[in-house]
Number of protein chains: 4
Amino acid sequence: MSKVQNNKQHKKDSLLNNAFTLFTEKGLNKTTISDIAEKAGVAKGTFYLYFKDKYDIRNRLIANKSAELFSRAYMDLLTEKPDAGFEEGLLYIADHILNELNENKTLLAFLHKDLSWSAFKKSFEEATVIDDNSLEVYIRKLFEKSSIRFRDPETMIFLIIELIGSAGYSSIIYGEPCPLEELKPDLMKSIQCIIDGFRLPAA
Amino acid sequence: MSKVQNNKQHKKDSLLNNAFTLFTEKGLNKTTISDIAEKAGVAKGTFYLYFKDKYDIRNRLIANKSAELFSRAYMDLLTEKPDAGFEEGLLYIADHILNELNENKTLLAFLHKDLSWSAFKKSFEEATVIDDNSLEVYIRKLFEKSSIRFRDPETMIFLIIELIGSAGYSSIIYGEPCPLEELKPDLMKSIQCIIDGFRLPAA
Amino acid sequence: MSKVQNNKQHKKDSLLNNAFTLFTEKGLNKTTISDIAEKAGVAKGTFYLYFKDKYDIRNRLIANKSAELFSRAYMDLLTEKPDAGFEEGLLYIADHILNELNENKTLLAFLHKDLSWSAFKKSFEEATVIDDNSLEVYIRKLFEKSSIRFRDPETMIFLIIELIGSAGYSSIIYGEPCPLEELKPDLMKSIQCIIDGFRLPAA
Amino acid sequence: MSKVQNNKQHKKDSLLNNAFTLFTEKGLNKTTISDIAEKAGVAKGTFYLYFKDKYDIRNRLIANKSAELFSRAYMDLLTEKPDAGFEEGLLYIADHILNELNENKTLLAFLHKDLSWSAFKKSFEEATVIDDNSLEVYIRKLFEKSSIRFRDPETMIFLIIELIGSAGYSSIIYGEPCPLEELKPDLMKSIQCIIDGFRLPAA
DNA sequence: TATGAATGAGATTTCATTCAT
DNA sequence: AATGAATGAAATCTCATTCAT
């Protein structure tokens, strides 16, 4: 990569990182383009070379962060439980994501309820962090390991992600209806129940 | 209520209604106090006689609309299925809410993912529409009819509401992963599974 | 007029006057809304209560100033030469305008070549300075005094105004092809010739 | 011309042509250096290798376009009416220019009222399109053919050009006070009258 | 010569809030 | 209680110009 190209990527990354910090610290509305540019150490006009406006940079951040989150969970699964079956793998990923969000509340607050199925799909389509993999590939890999078959697996995963994102947010951020540690057994059990509901009789 | 009092309530309602319309049409950020006052046919200064700022009026709207939504579902249950058991009643309410949101997409877009357990709780605390009832009363009434007992019923309802709100939003607004009509059987089935997971063995 | 109304007119006038000063001193491009507001002693936002943008205030100024210029010439004619015939009156007005522009070069530079027939027409339509008179009324009055009849008098006046505005500008501002004093005899003579060319044979 | 020289001229021409298009399409103020460079297919910095700023390129365009306009009229006169007398030649040129402006309204809108005596003079001084001729040469040639003599011919031509430019603009662009077709007889007649007013008694 | 990323001053515009009437 | 003119801080965004490559 040429020096110029390198420098460009550097500036863009700096804008993204500092925007994320500000969004999580002050919120989207209270963060101004000026804030972002200043913190990133670039001129205000430079921001507009890379992003259309505040919402543009936010969307790219959501895509990046969502993809990274899911990707980390999957990578960990491969490392820690390379032999896990499908159901076990799915529960491992759900648990991993919940734990990470619990430890990284600012990330959760930022992703808010955009942490959803469609966000994941979009994130895998747009994210530059993962180049040669798509959500479909991830899921297919998970399925390939499974001898059990499921009715409409995509819908199943959708429901699980929505439930994790939504219930996790409420529990972690507001402690409603109870802290995550208390909620988790019921939440995981419910996920288990949902999976069971989608299981097809063995062929 | 005196004529003056009446007039005041009239202005406040007009502000609330027109704010709701604008929020759903243009979004919160793009709606200004001026817009709201103008559409409501009052002067800008008048807005501040009734609400603190834009976020104040939004919160009151969320509370009102959420409470109305849940209240209508419950009222309908009492009318249509006065003898429904607990589980049946819960499923009826879930279905009712989903249908109403599907038919009233602007309401759904406004409530967004604020359609959650905590919002319901808050809405019942703050809402002026329902004066002498609380969420607890509603739920207790539902439970009283039931002979079956549940482990941690509040968490159960929480999970169901989160799932409905989150999955319903994605499906109705974005058609992701599929339209509501297609999703509903799986969604209702999953709710059923969650309920089952919380059921205690008959005493 | 109420105190508020009075104050409003005051602010608007102040904006108009100070904008005119700045436009003539620094030119349209170099004058900013901030400049105008500051010089007028009002807040920047106040500018936008009265004018859409810089071009809006400029157009109103052109209309006002054009109308005032023509109006002063006509008033002077009535005072100085109440018995002048049509041709004499027209030449008097032409001469009067030329002299005023020559003495008020900033006005001329501002009106530039917008000092034209259509500007006059517009100015009489829009200008608030002259309330109950229109260009047509002025011209009709001039004509009424005349026993001579003209082919297409409106076109005649149009050509004369265009010639005065255009040639006058060049001569006064650039001294091209010669200063006004030198040009005037030929210019007035040419106007005279144009008038003669429009004269109809006596009925 | 070397290949490099050729390439340079090519870039300069491209900048000029595309600037002209943009000026006529969007106006001077709304056209940016970026726009021009982009449309011309060169980098922004390259613009500054050829022109000082936006006003520099505009002035060169006015000079070029004015000179071309007048030149075409004269060339046509030589071809179509090689034996025309002075008065006839002048009227022919006036008519030719009016027709061309009428057919090429964007050119007229661009030249606006810069279509004037001084612009013509400047254009002949600066224009690169006509290398070995000057306005004076043109006019002298016209005059040489004439046996009639005129008082102050330069002023005469000045007045005619101003009248054509100013009245033509109003008529062609705004249709004020009437379309060119309607205006032309009166306009040409007035020019004729002006010429007559400058004619000296035959020696 | 040519490029185009970077600059950053500054222009335009918005809008929540106040306060005199 | 109601008004709406006025404010002015602050936000967004532009763009001519420079300069390292």
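Within every chain, numbering begins at 1; the chains are lettered A, B, ... in the order of the sequence lines, protein sequences first and strands thereafter.
- Summary of the strand contacts: Asp53(A) and Gly41(B) both lie near DNA chain F, and taking for each the nucleotide with the nearest heavy atom, the more 5' one is attributed to Gly41(B).
- In this structure, the salt bridge (charged side-chain N to carboxylate O under 4.0 Å, His left out) partners of Asp56(D), at least two apart in sequence or on a different chain, are Arg60(D).
- Checking the phosphate oxygens (OP1, OP2) of dA6(F), no side-chain nitrogen or oxygen of Thr46(C) falls inside 4.0 Å.
- Using a 4.0 Å heavy-atom distance criterion, Tyr55(D) is classed as making no nucleic acid contact.
- Considering only the side chain of Asn7(D), dA2(E) comes nearest among dA2(E), dT7(E), dT3(E).
- The nearest whole Å value for the distance from the NE2 atom in His10(A) to the P atom in dA5(E) is 18 Å.
- Partners of Phe47(B) according to the ring pair (Phe, Tyr, Trp, His ring centres under 6.0 Å) rule, which considers only residues two or more places apart in sequence or in another chain, are Phe51(B).
- Going from atom NZ of Lys52(B) over to atom C1' of dT18(E) covers 15 Å, rounded to whole Å.
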Got a list of protein N/O to nucleotides 19-21 of chain E N/O distances below 3.5 Å?
unit_1  : atom_1 : unit_2  : atom_2 : d
dT21(E) : OP1    : Lys3(C) : NZ     : 3.0

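- For the pair Leu15(B) CG and dA16(E) P, the interatomic distance rounds to 14 Å; values are reported in whole Å.
- The side chain to side chain contact (heavy atoms under 4.5 Å, CB included) test applied to Lys11(C) returns Asn7(C), Val42(C), Thr46(C), Tyr50(C), not counting sequence neighbours.
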Subject >> Watson-Crick and G-U pairing of DNA chain F, under 3.5 Å, as dot-bracket with | and [ ] >> reply: .||||||||||||||||||||
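- Near-neighbour residues of DNA chain F inside residues 23-38 of chain C, defined by a heavy atom below 4.0 Å, are absent.
- Nucleotide dT17(E) holds its C1' atom 11 Å from the CZ atom of Phe47(B), rounded to whole Å.
- One N or O on the side chain of Lys54(D) and one on the backbone of Leu28(D) form a donor-acceptor pair closer than 3.5 Å.
- Counting only heavy atoms from C-beta outward, the side chains of Thr31(C) and Ile36(C) approach each other to under 4.5 Å.
- Looking at the side chain of Leu49(D), the nearest of the listed nucleotides dT7(F), dG4(E), dA2(E) is dA2(E).
- Look at CD1 on Ile57(C): it is 13 Å from P on dT13(E), rounded to the nearest Å.
- Listed by chain and residue number, Phe110(C) satisfy the ring pair (Phe, Tyr, Trp, His ring centres under 6.0 Å) test with Phe20(C) (two or more places apart in sequence, or in another chain).
- Backbone-only contact: Tyr50(A) has heavy atoms under 4.0 Å from sugar-phosphate atoms and none from a base.
- Between Phe51(D) atom CZ and dT17(F) atom P the separation is 14 Å, expressed in whole Å.
- Counting non-hydrogen atoms under 4.0 angstrom, Tyr48(D) reaches a base of the nucleic acid.
- For the side-chain hydrogen bond (donor to acceptor under 3.5 Å, both in side chains) test, residues two or more places apart in sequence or in another chain that qualify with Lys26(A) are Asp35(A).
- Across the protein-nucleic acid pair, Lys11(C) atom NZ and dG8(F) atom C1' stand 13 Å apart, rounded to whole Å.
- Annotation: Glu25(A), atom CD; neighbour count of heavy atoms from other residues, nucleotides and ligands within 6.0 Å is above 12.
- Following rounding to the nearest Å, Lys54(A) (NZ) and dA11(F) (C1') show an atom-to-atom distance of 8 Å.
- At a cut-off of 3.5 angstrom, the base of dG10(E) holds at least one donor-acceptor pair with the side chain of Lys44(A).
- For the side chain to side chain contact (heavy atoms under 4.5 Å, CB included) test, residues two or more places apart in sequence or in another chain that qualify with Lys39(D) are Asn18(D), Thr21(D), Leu22(D).
- Qualifying salt bridge (charged side-chain N to carboxylate O under 4.0 Å, His left out) partners for Asp13(A), counting only residues two or more places apart in sequence or in other chains: none.
- Legend: residues meeting side-chain hydrogen bond (donor to acceptor under 3.5 Å, both in side chains) with Asn104(A), ordered by chain and number and at least two apart, are Thr106(A).
- In terms of the side chain to side chain contact (heavy atoms under 4.5 Å, CB included) criterion, residue partners of Tyr48(C) (sequence neighbours excluded) are, by chain and number, Ile33(C).
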